[in-house]
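Since the structure comes first, as structure tokens, the remarks are kept for the end.
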Amino acid sequence: MPRWRPTRILVASIGVAAIAWVWFGIGLFGQTPPAVGWALLMFAVPIAIHASWRAGASGRTFWRYASAGMVGLGLASASAARDYFSGDQPGQHIGGVTAAFYVTGLMLMLFGLLRIPGAQRSRIEWTRFGLDVATMVVTVTTFSWYLVLPRWESWTGGSAAGTASVVVIATAAVIGMLAFVKVSFTGTGPIDRRALYILALTGAVGAGGGAMAPLLAERPYLNTGHVLLPTTCMLVCLAADRQMRASRAGVPAPRPLSRRPSVMPYTAVLATGALLLTGAASGTGELLVVAAGSFVVTLLVAARQVIALRDNVRLLDDLDSRQRELAHQAGHDSLTGLANRNVLVAEITGALADGSPDVTVALLDLDDFKEINDDLGHPVGDALLAAVGERVTARLPAGCLVARLGGDEYALLLRGDHAAMVAAIAADLRRPVHADRHELVVEASIGLAPAHPGDTADELLRRADVAMYEAKSQGKGRQVVYDERMDHRTAEQSRVAADLRSALDTDQLHLLYQPIVMLPGGELFGVEALVRWTHPERGPIGPGLFIPAAERTGLIVPLGAWILEEACRQAARWQHELGDAAPRTVTVNVSARQLREAGFAGEVDAVLRRTGLPAHVLTVEVTETAVFDGGTALDELKAIAALGVKIALDDFGTGHSSLGLLRTCPADILKVDKSFVDDVTEGGEPAVIVAALLTICDGMRLRAVAEGVETAEQAAELHRLGYRYAQGYHYARPMAAEAIAAYRPAHSAQRIAA
């Protein structure tokens with residue numbers, strides 16, 4: 001609600017009411033010109049008409065009826081003034097025409113009240129309200145009987161004017177009660193609730209003040225209307241002002257009915273008790289004692305009831321608090337406090353139904369979170385998840401939502417420029433995150449799915465999931481936007497993964513071995529084991545298709561275990577059958593997923609024991625990105641090296657390319673990527689890099705192996721630079737295990753030199 005400042009209309013209305021009360025007060029002590037009181041009405045009523053009409057300008061029908069009702073009251077005032085000055089009606093008496101105008105105005109307001117939407121309430125609530133109203137009716141009747149009845153006959157004289165006055169007073173009382181009904185039981189709607197509270201006072205002022213008219217029988221120059229109507233007009237202006245301010249602020253959220261006990265019946269008890277004591281004071285002493293005792297007992301009973309009601313309210317508030325807590329738990333993640341999937345789906349569905357523009361769903365998955373959990377413990381991992389949730393939430397503008405779907409996966413509902421928001425989130429995550437006394441640097445793979453007409457929440461989450469896995473397949477810290485071609489690749493990978501499960505159990509897989517040779521002669525030094533798959537129906541399936549599928553589904557772990565066992569068994573067989581002619585080393589590729597499995601070094605040791613292969617014959621080949629961030633992968637690699645197994649870094653120079661990795665990783669062999677070897681004969685940067693890598697290997701006592709050698713010229717240049725080991729199609733393609741025994745160098749040293 002905007003800050004309240006009184007308008008000129010409201011100031012004018014309050015000013016007229018104040019003058020009316022001052023003038024009326026002066027009239028109680030001496031006769032005053034009645035024309036002033038009637039003139040003030042001519043100012044007060046038009047102001048109220050204007051204020052209520054303005055309040056209804058935004059389509060609120062009730063205020064139009066209120067404005068029309070005020071016109072009726074204004075005409076009634078004019079008619080009463082005419083009756084007074086013409087001598088037709090003395091003092092407080094009301095003529096038939098005047099009464100008709102009053103009733104018409106009041107009925108118009110009543111009709112407007114009845115058009116306000118009411119909320120459904122229980123029978124108990126209606127009963128409780130009815131008892132409150134009955135309490136007030138009895139109280140008002142008692143006061144009227146005591147104060148007015150002794151003067152009633154002398155004031156009305158049994159005339160029609162007196163009867164008309166009674167009708168008007170009764171009508172005003174009905175209006176007041178109906179206004180209270182609407183205030184108490186109205187539902188949320190265009191009419192401001194507090195404005196109705198203020199309007200309820202107008203009925204009370206009209207009914208109560210009108211009933212007190214006989215008290216002025218000895219002062220015919222005064223009329224209660226001189227103060228009651230300006231006061232009523234002022235209340236109408238206050239209510240209209242409240243309505244206009246509420247309209248500018250927007251329709252408020254629904255508010256539950258208050259559980260606080262109503263003060264109305266207790267006020268009535270106090271007032272009636274005071275009246276009883278006043279009446280008893282003029283009687284005998286015994287009557288006064290009985291009245292006082294009754295009043296005190298009533299007060300004590302009322303106090304006890306208030307205390308009981310307060311206890312009940314406290315219990316209900318505690319119950320509500322618990323219910324709200326349970327409702328929050330049902331819709332939010334217990335660790336991070338973020339929304340859960342149910343809330344997210346509901347919010348996405350709502351955004352799509354509203355036709356909100358630029359709706360995008362993003363799926364964010366932390367890279368290498370499992371290693372943090374394994375290395376630093378779950379408390380650190382939990383603290384990291386909570387810190388990441390806070391950081392992402394703080395970055396998003398209003399209208400967006402962050403939810404945790406489980407594990408290290410978050411979902412975001414974005415509205416607006418999703419590219420800018422995701423870029424900002426990624427930048428924030430690269431800043432160190434404080435988690436349980438640790439400073440951690442994390443990256444996230446993010447998949448984005450912009451919404452299109454007809455989309456559903458589940459479909460957008462599925463697309464974001466597809467894009468997120470595509471981001472992971474491209475490397476760490478990537479953001480990828482979904483496109484339909486990803487579905488085809490995902491569907492194919494899913495089908496391949498399903499078949500791969502069967503292939504592991506039905507001997508569809510086999511290994512080929514590519515020689516690693518010595519330069520310049522090309523003699524066999526070792527082999528690299530490469531897995532191949534021949535599907536019974538689809539034929540050969542390339543590793544470029546089934547390896548990513550295995551990585552995504554986790555099948556890479558059992559597949560890698562099978563490759564390791566099979567390669568070590570074959571290497572041991574060569575050792576037994578070929579003796580010194582056997583390959584000196586057999587290289588097995590190990591994925592980052594395998595290294596993240598705690599205890600992988602123990603599995604390697606067990607395979608060596610089962611197959612009888614000496615540890616120094618086995619070489620485990622890993623990519624530099626698999627161990628760049630350290631953690632479990634690096635620990636497992638160190639444990640493998642401690643067994644005596646050689647460690648080779650594959651594709652060095654194409655990933656993070658951190659020379660510091662060569663100091664932390666227990667590497668024995670560095671394999672120079674084919675992308676550098678391809679252009680080594682042309683000089684320039686590739687040749688410089690190839691030469692620099694060899695210098696590094698010599699300085700750190702590492703064996704350098706050039707991969708992807710395909711021409712004699714490349715082989716000759718590599719040998720000239722100082723390389724002594726190579727691998728590639730120039731020497732041999734991957735071959736069956738039986739062919740290794742028959743391998744002979746096809747390229748002599750003289751031919752390479754030529």
Side-chain angles (χ1 to χ4, degrees), residues 4-57 63-85 91-92 94 98 101-102 104-106 108-109 168 172 175-176 179 194-210 212-213 216 219-245:
W4 183 72
R5 292 181 180 177
T7 62
R8 287 179 293 180
I9 293 176
L10 189 56
V11 170
S13 178
I14 294 173
V16 171
I19 294 172
W21 276 102
V22 170
W23 188 253
F24 188 82
I26 294 172
L28 292 176
F29 297 98
Q31 185 169 348
T32 55
V36 175
W38 293 108
L40 289 174
L41 301 185
M42 299 303 104
F43 289 102
V45 173
I47 294 173
I49 293 173
H50 179 65
S52 55
W53 186 262
R54 286 187 61 195
W63 289 101
R64 297 299 193 190
Y65 281 102
S67 181
M70 291 306 301
V71 171
L73 295 183
L75 293 175
S77 300
S79 175
R82 187 198 68 81
D83 290 343
Y84 177 81
F85 287 109
Q92 306 285 338
I94 299 175
T98 301
F101 280 133
Y102 270 125
T104 300
L106 295 173
L108 285 171
M109 291 185 179
V168 173
I175 285 290
R194 292 185 180 178
L196 284 178
Y197 277 122
I198 299 172
L199 286 175
L201 295 176
T202 62
V205 168
M212 297 299 106
L216 300 178
R219 296 178 177 83
Y221 54 89
L222 290 181
N223 190 299
T224 54
H226 293 171
V227 289
L228 297 181
L229 194 55
T231 302
T232 298
C233 291
M234 179 190 69
L235 293 173
V236 169
C237 290
L238 280 170
D241 180 75
R242 170 72 195 188
Q243 179 66 65
M244 287 187 288
R245 290 190 295 115

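Nearest approach of Tyr65 to Leu108, heavy atoms of both residues: CB-O, 3.6 Å. Of all non-hydrogen atoms in Arg54 and Ile9, the two that sit nearest each other are NH1-CD1, 3.3 Å. Listed here is the closest heavy atom pair of Val236 and Met70: CG2-SD, 4.0 Å. Taking every heavy atom of both residues into account, Ser77 and Met42 meet most closely at CB-CE, 4.2 Å.
Under the side chain to side chain contact (heavy atoms under 4.5 Å, CB included) criterion, Ala44 pairs with Val16, Pro230, Cys233, sequence neighbours left out. Partners of Ile19 according to the side chain to side chain contact (heavy atoms under 4.5 Å, CB included) rule, which considers only residues two or more places apart in sequence or in another chain, are Leu40. Contacts of Ala76 classified as side chain to side chain contact (heavy atoms under 4.5 Å, CB included), with partners at least two apart in sequence or in another chain: Thr98, Phe101, Tyr102.
Annotation: side chain to side chain donor-acceptor pair (under 3.5 Å) contacts involving residues 39-48, sequence neighbours excluded, are absent.
With rounding to the nearest 0.5 Å, the separation of CG in Leu235 from CD1 in Ile14 is 10.0 Å. Residue Asp241 holds its CG atom at 5.0 Å from OG1 of Thr7, rounded to the nearest 0.5 Å. The line from CD1 of Ile47 to NE2 of His50 is 9.5 Å long, rounded to the nearest 0.5 Å. Atom-to-atom distance recorded for Trp21:CH2 and Leu228:CG is 6.5 Å, nearest 0.5 angstrom.
Between Gln243 and Trp63 the shortest side-chain heavy-atom distance falls below 4.5 Å. Looking at Val45 and Leu229, their side chains come closer than 4.5 Å, going by heavy atoms from C-beta outward.
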